[in-house]
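To start, the structure itself, in structure tokens.
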Amino acid sequence: DISVEANDWLQLELFNIDANRVKEIQIVHADGDTLKLKRESGTDDFSLENLAAGKEMQPAVIISRMGTMLEDVSAENVRKSVDPYAAQKSTVNIQTFNGLIINISSAQVDNNNYSTFNFSVADIPVQVAELESEATVETANEKLNPVTEALRLNELMSDWTYIMPDFKYELFTRKKGSLSKDIEKT
């Protein structure tokens, strides 16, 4: 028997993008608050851009958690994609070092954390020589090809709005103030 319940047949484990792949994160909220994190390599710490006067970044361990927002992404539920929350959503734009771009739109409606996902590609060449695995070049090209990855993920996720667990939603909607603190006066 085939169930009519989407949760019985729809895959809720969505994707897993390692934190070391994340180059840049930008979160824009409906109220204009914008958070932007960048780093030069997958092993570097993120830097928080445009800190207000008298502010400094939270410790690196707090900031680095932001890079994990794409690891082991799974949903609690799903529904056909609609955008009833356009006026109150936060938008995340994440770019990986190989050029994959992940756009996440999120909003909380009726105590549910809704997110939609879209994947595209920047104009950045894949650097196979930088791989740390022992995979063959052919396998490496297939695995890290951002075009292939974006197409596969869009095919899987493009028509759906996902209800996200609180801990992921919190990362998708972080504000700059939560990643900075007042400079201690000595």
Side-chain angles (χ1 to χ4, degrees), residues 6-7 10-39 42 44-52 54-97 100-122 149-150 153-154 156-182:
N7 284 346
L10 191 64
Q11 178 180 336
L12 295 178
E13 293 82 29
L14 305 176
F15 60 89
N16 182 27
I17 297 174
D18 190 81
N20 290 336
R21 291 182 59 194
V22 176
K23 177 181 180 179
E24 184 176 309
I25 301 168
Q26 180 171 318
I27 303 175
V28 179
H29 294 275
D31 65 6
D33 184 79
T34 300
L35 173 153
K36 189 168 188 178
L37 298 167
K38 287 179 98 170
R39 63 181 169 181
D44 289 346
D45 290 335
F46 284 102
S47 62
L48 180 60
E49 295 193 351
N50 302 317
L51 280 170
K55 296 283 187 181
E56 64 183 352
M57 287 184 7
Q58 292 282 2
V61 69
I62 293 172
I63 302 291
S64 67
R65 183 168 177 249
M66 294 298 292
T68 68
M69 75 170 60
L70 300 177
E71 289 184 344
D72 299 317
V73 176
S74 62
E76 293 178 345
N77 207 336
V78 64
R79 69 180 200 182
K80 194 70 176 155
S81 203
V82 294
D83 194 6
Y85 48 79
Q88 55 191 349
K89 71 181 171 185
S90 298
T91 303
V92 182
N93 178 283
I94 301 166
Q95 184 168 326
T96 66
F97 287 102
L100 180 67
I101 296 172
I102 303 94
N103 289 300
I104 306 167
S105 294
S106 299
Q108 193 169 61
V109 179
D110 299 328
N111 295 319
N112 288 310
N113 304 321
Y114 290 108
S115 293
T116 59
F117 298 84
N118 181 272
F119 302 86
S120 59
V121 180
E149 191 173 16
L153 290 167
N154 278 333
L156 174 71
M157 301 176 65
S158 65
D159 292 331
W160 302 99
T161 297
Y162 296 89
I163 297 177
M164 303 305 297
D166 290 341
F167 75 97
K168 283 295 182 185
Y169 182 80
E170 185 271 330
L171 290 173
F172 296 166
T173 59
R174 271 271 173 102
K175 291 203 169 204
K176 185 168 34 176
S178 68
L179 298 180
S180 63
K181 62 182 180 177
D182 292 332

Step by step, work out the side-chain contact (heavy atoms from CB on, under 4.5 Å) result for Asp182 and Glu56.
CA-CA 6 Å; Asp182 292 332; Glu56 64 183 352; over 6 Å; no

I would like to know whether Glu49 and Lys176 meet salt bridge (charged side-chain N to carboxylate O under 4.0 Å, His left out); could you show each step before the answer?
CA-CA 9 Å; Glu49 295 193 351; Lys176 185 168 34 176; over 6 Å; no

Applying side-chain contact (heavy atoms from CB on, under 4.5 Å) to Leu35 and Leu179, what does each step give before you reach the verdict?
CA-CA 9 Å; Leu35 173 153; Leu179 298 180; 3.2 Å; yes

Can you list the steps and then say if Asp45 with Arg39 is a salt bridge (charged side-chain N to carboxylate O under 4.0 Å, His left out)?
CA-CA 6 Å; Asp45 290 335; Arg39 63 181 169 181; over 6 Å; no

Given Thr96 and Ile102, is the side-chain contact (heavy atoms from CB on, under 4.5 Å) satisfied, shown in steps?
CA-CA 8 Å; Thr96 66; Ile102 303 94; 4.1 Å; yes

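Here Asp31 pairs with His29, Asp33, Lys175 under the side-chain contact (heavy atoms from CB on, under 4.5 Å) rule; sequence neighbours left out.
For the pair Ser178 (side chain) and Arg174 (backbone), a donor-acceptor distance under 3.5 Å is absent. Checking side-chain atoms of Tyr169 against main-chain N and O of Gln108 turns up a donor-acceptor pair under 3.5 Å. Asn113 places a side-chain N or O within 3.5 Å of a backbone atom of Met164 that can act as its donor or acceptor partner. Side chain of Thr34 to backbone of Gly32: a donor-acceptor contact under 3.5 angstrom is found.
Residues Asn112 and Asn77 fail the side-chain proximity criterion, which asks for heavy atoms closer than 4.5 Å.
Taking both residues in full, the closest heavy atoms of Ala150 and Val121 are given as CB-CG2, 3.9 Å, listed atom of the first, atom of the second, then distance. Taking each heavy atom of Phe172 and Ser90 in turn, the nearest pair found is O-CB, 4.4 Å. Taking both residues in full, the closest heavy atoms of Tyr114 and Thr161 are given as CD2-CG2, 3.6 Å, listed atom of the first, atom of the second, then distance. Across every non-hydrogen atom of Phe46 and Ser64, the tightest pair is CD1-CA, 4.5 Å. Closest of all the heavy-atom pairs between Ile104 and Ile94 is CD1-CD1, 4.2 Å. The shortest non-hydrogen separation linking Asn103 to Ser120 is ND2-OG, 4.4 Å.
One distance of note links OG of Ser180 with CE of Met57; it measures 10.0 Å at 0.5 Å rounding. Considering CD1 of Ile25 and CG of Asn93, their distance stands at 10.0 Å, rounded to 0.5 Å. Rounded to the nearest 0.5 Å, atoms CE (Met157) and OH (Tyr162) are 4.5 Å apart. Taking CZ of Phe167 as the reference point, atom CG of Leu171 lies at 8.0 Å (rounded to 0.5 Å). For the atom pair CD (Glu24) and NZ (Lys38), the distance works out to 4.5 Å, reported to the nearest 0.5 Å. Note: Asn118 CG to Ser158 OG = 8.0 Å, rounded to the nearest 0.5 Å.
At a threshold of 4.0 Å, the pair Glu76-Lys168 does not count as salt-bridged, since none of the basic side-chain nitrogens sits closer than that to a carboxylate oxygen.
A centroid separation of less than 6.0 Å is found between the aromatic rings of Phe15 and Phe117.
Within a 6.0 Å sphere centred on CG of Asp110, other residues, nucleotides and ligands contribute 12 heavy atoms or fewer.
Note on residues 58-73: pairs passing salt bridge (charged side-chain N to carboxylate O under 4.0 Å, His left out), not counting sequence neighbours, are Arg65-Glu170.
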